[in-house]
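This report refers to the structure that appears directly beneath it.
Just so it is clear, the model here is predicted, and its values are computed rather than measured. Here, residue 1 is the first one in the sequence, and each next residue gets the next number.
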Amino acid sequence: MLLRLAAARLRVGGRLVFLLPVPAECAAPALPPSDCLVLESASRHAVSARMHRYLLTLRKAREASAADVGEARVLEAAAGEGGGAGGGTA
């Protein structure tokens, strides 16, 4: 969901940076294929003996397809109706 929203909302050249926790024995994370987001960097950090985390940076290389943009709008609408974190009102 995060990658779809980034593909639809970031401008070309914009970056998405996030942390991805993984078990220590896990190899490099497999990200879903994207036609417009390119992996710029991935650095591994040990959090504990059992857990590590990757700091991932993806750059938007070109505009998203119409299907990606449409799907992101559906996801945003669902989140706005209380379907996602932070979607509710206080």
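- The closest side-chain heavy-atom distance from L58 to F18 is below 4.5 Å.
- Under the 4.5 Å side-chain criterion, counting only non-hydrogen atoms from C-beta, V17 is not in contact with L56.
- In plain terms, the two heavy atoms of V12 and A61 that are nearest each other are CG1-O, 3.6 Å.
- To the nearest 0.5 Å, atom OG1 of residue T57 and atom CG of residue L39 are 8.0 Å apart.
- When all heavy atoms of A42 and Y54 are compared, the closest pair comes out as CB-CD2, 4.3 Å.
- A donor-acceptor contact closer than 3.5 angstrom links the side chains of R44 and H52.
- The shortest heavy-atom contact between M51 and V22 is CE-O, 3.4 Å.
- At least one donor-acceptor pair closer than 3.5 Å links the side chain of K60 to the backbone N or O of A7.
- For R15 against R59, the heavy-atom pair with the smallest separation is NH2-CD, 4.2 Å.
- To the nearest 0.5 angstrom, L2 atom CG is 5.0 Å from L16 atom CG.
- L3 has its side chain out of reach of S34: every pair of non-hydrogen atoms, C-beta onward, lies at least 4.5 Å apart.
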